[in-house]
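All of these numbers come straight from a predicted model, not from anything done at the bench.
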Amino acid sequence: MRAMRRYEAEPRRPGARPRAVRVAAVAAFAAFGAMFVLTPAHAADPSKVIRHVFPAAETGFDPAGVQDLYSATIEQMLFETLLTYDYLARPAKLVPLTAEAMPVVTDGGKTYTVRIRKGIHFIDDPVFKGRKRELTAVDYAYSLKRLVDPKLRSPWAWLIEGKIVGLDEVAEAAKASGNFDYDAKVAGIETPDRYTLRIRLKEPDYNLPYILAHEPTSAVAREVIEAYRDVGGRAMANPVGTGAYKLKQWVRSSKIILEANPDFRGFTWDFKSDDPDDQPLIAAMKGKKMPQAGRIEVSIIEEDQARLLAFQNGELDLMDLGGPLAPNVLDGGKLKPEFVKKGVKLSRIVDPALSYVYWNLQDPIVGGLTKDKIALRRAMAMAYNVDDEVRVVRNGQAIEAHYPIPPGVVGHDPKHRSSLKFDPAAANQLLDAVGYKKGPDGWRNLPDGKPFTIRYASRPDSLGRQLDELWKKALDSISVRMEVQKDKFPELLKLERQCKLMMRTASWIADYPDADNFMQLLYGKNIGQNNNGCAKIPEYDKLYEQTTRMPPSPERDRLYHEMTRLIEVYAPWRLDVLTYRNMLVSPRVQGYKKHPILHAEWQFVDIGKPVAGVPRAAGGKAVPD
């Protein structure tokens, strides 16, 4: 489960024609070289500290092992993928990171060849025994294989399962033997030399370049993973990557402190943009050696008011405002005058993300595809008033979602309107018709006459409590009992992957800006990974498998519309809202602009010196996983 983001225009469609891709790759790399000039190792200023805040706890720092937004945000600073995104380009544009250039695509779009930049090193770690450890193609090959290691049970296996020649067979052998053979030959993952990675696919995958820019495919060192795995699974708490920062201190669910990697190669800030609003930012940042900040402090503060108070007291530099706090800070979509006078800035985007309510289709009460179970889910969906959530909970900082592909993501249809509408009267009639009769106590019973209760799971924060109230109001209106199950965010993620939650409001932020990233959330084979409603709908799965073999096209869009109607008919979800992301930026920060896909922009910004008299929150000690 993740959180939220978004942008508005269609991105480049990678892999469409091999020759065209090679030409585009050369052009992209030339542009990249002009705006993201690599420099020798640059010593960031240790007195420059960026202070950020998360509204929910992290779970750990193993790219293959964690799935939440907050852990992933930290991972993007610690580890590196082959590709990344241009900081200012809108729509989001892929550029090389550790790769020398964009992948060369051949064999009708089924073979991707990537050359890795020489001279990149992992941060120092005792496992390396005092030697510099260079990043090589083998590290990326190993990291890809980890995603399908049955013992790891990565929530990101879906990214490559069924796609790479020979990899599924090695994974199946591991299920039988209990041990994944990382040295087994995989025809689809080759390293012909130290710096070349070749990936061969069973079928063309037009989203593979996006996957190679997604943090689960970040490079890790095999010897590090094996060393810490053998000591109580400590790979989560001992991240060793090649990124701009390294983990200095960690107090779980409280404080995360990163320190600049002294051996990071760095780059010169030289990004381009045609947006007039970006020109002052470019003028302030152009030519600076990056990263500038020597330290990043991230506090975990779950209470909304406590986060805002910390920002107003000068204890934070960056903060996602969220909906509940909007009236305190915003007048519509703009900062109130008192914040403008203090020099506070606002970076505002509509997230390429989807908020939705799911019901567990394996649950004995709300699950199943029989007529009565479908009717129960549809009735609950019809009883909920999204307008109340937008107005009361989100304070106008959201709009109702009608399509499972959000704006700014390839495949979005702004004209579609869901057939599941707010209509409590019709919901009551539906339940009456399929046998959910009211008992003497006024609450409905199952068609067999037995009482039942809906358990709605949520986080113990103000947003969770407000959603509890709205859903209680909705279910009361159709005489369905509801109780609330409270758990911390990491525990909710664990329970839903085990199909142990009945109902929850979840959010999914775009891993990459293509519809596949959202439609795969209901694919039956993704149960236990990111199909958190544990849905298995045969008609949906058949259509989804067809779309995975298609490039973005009107024909693929037609299938997505058919899949959307199945969602509305079977009601595994009730689409909820699309949210605005309002990032508050302190006067000390230069060069900040919220990126629609990247989680953190810390290595792209500059920061003023610490403000005199403002206390800095105490750090903590890294703890084992």
Side-chain angles (χ1 to χ4, degrees), residues 1-2 58-76 78-82 138-164 166-182 184 186 188-189 199 205 207-208 210-222 224-226 228-230 232-241 490-499 506 508-509 511-512 516-517 520-521 523-532 534 548 599 625:
M1 213 260 15
R2 314 246 302 169
E58 75 299 331
T59 55
F61 310 115
D62 179 355
V66 300
Q67 195 178 14
D68 66 284
L69 171 65
Y70 310 108
S71 299
T73 301
I74 300 297
E75 285 175 349
Q76 284 190 347
L78 304 175
F79 300 95
E80 291 185 290
T81 47
L82 287 161
V138 171
D139 297 315
Y140 283 105
Y142 171 71
S143 300
L144 286 172
K145 292 175 183 177
R146 289 188 74 222
L147 298 180
V148 296
D149 184 340
K151 191 174 293 184
L152 183 60
R153 291 190 289 185
S154 172
W156 299 108
W158 63 273
L159 289 171
I160 57 174
E161 275 180 338
K163 297 181 179 181
I164 297 178
L167 184 58
D168 295 330
E169 290 77 3
V170 177
E172 286 301 318
K175 291 177 183 176
S177 67
N179 186 47
F180 192 97
D181 184 0
Y182 283 95
V186 177
I189 301 180
I199 301 173
D205 183 353
N207 286 316
L208 185 63
Y210 291 133
I211 291 171
L212 298 181
H214 189 23
E215 61 271 1
T217 65
S218 299
V220 296
R222 179 175 177 176
V224 171
I225 296 296
E226 292 182 346
Y228 291 126
R229 182 186 61 202
D230 294 338
R234 292 176 61 212
M236 280 283 195
N238 291 270
V240 177
E491 185 62 22
L492 291 174
L493 297 183
K494 183 191 301 183
L495 291 171
E496 70 184 8
R497 285 180 62 185
Q498 298 170 355
C499 299
W508 185 264
I509 187 168
D511 301 307
Y512 48 88
D516 175 79
N517 192 230
Q520 56 84 24
L521 294 172
Y523 182 45
K525 291 184 179 179
N526 287 346
I527 292 174
Q529 298 182 66
N530 45 37
N531 182 343
N532 46 21
C534 303
T548 60
H599 310 316
D625 184 52

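Among pairs with a residue in residues 145-155, those fulfilling salt bridge (Lys or Arg N to Asp or Glu O under 4.0 Å) read Asp62-Arg146, at least two apart in sequence or across chains.
Minimum interatomic distance between Ser143 and Ala219 (heavy atoms only, all atoms of both residues): OG-CA, 3.5 Å. Between Asn517 and Ile509, the closest heavy-atom pair is OD1-O, 3.9 Å. Smallest separation of non-hydrogen atoms from Phe79 and Pro239: CZ-CB, 3.5 Å.
A donor-acceptor contact shorter than 3.5 Å links the side chain of Asn531 to the backbone of Tyr523. Of the possible donor and acceptor atoms, none in the side chain of Ser71 sits under 3.5 Å from a partner among the backbone N and O of Asp68. Remark: the backbone N or O of Val148 is not paired with any side-chain donor or acceptor of Glu161 at under 3.5 angstrom. The closest donor-acceptor contact from the side chain of Thr59 to the backbone of Val66 lies at 3.5 Å or more, if one exists at all. At distances below 3.5 Å, not a single donor-acceptor pair connects side-chain atoms of Asn207 with backbone N or O atoms of Tyr210.
Between Tyr512 and His214, the two ring planes are perpendicular [angle over 60°; tilted spans 30° to 60°].
You'll find the side chain of Asn238 stays beyond 4.5 Å of the side chain of Val224, heavy atoms only.
We find the CD-CH2 distance between Gln520 and Trp158 to be 4.0 Å, quoted to the nearest 0.5 Å. Of the inter-residue distances, the one linking Thr217 atom OG1 with Ile211 atom CD1 reads 8.0 Å to the nearest 0.5 angstrom. Between the CZ atom of Arg497 and the CD1 atom of Ile527 there is a distance of 13.5 Å, given to the nearest 0.5 Å.
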Exercise. Side chain to side chain donor-acceptor pair (under 3.5 Å) between Asn532 and Trp508: does it pass, once the steps are laid out?
Worked result: CA-CA 11 Å; Asn532 46 21; Trp508 185 264; over 6 Å; no
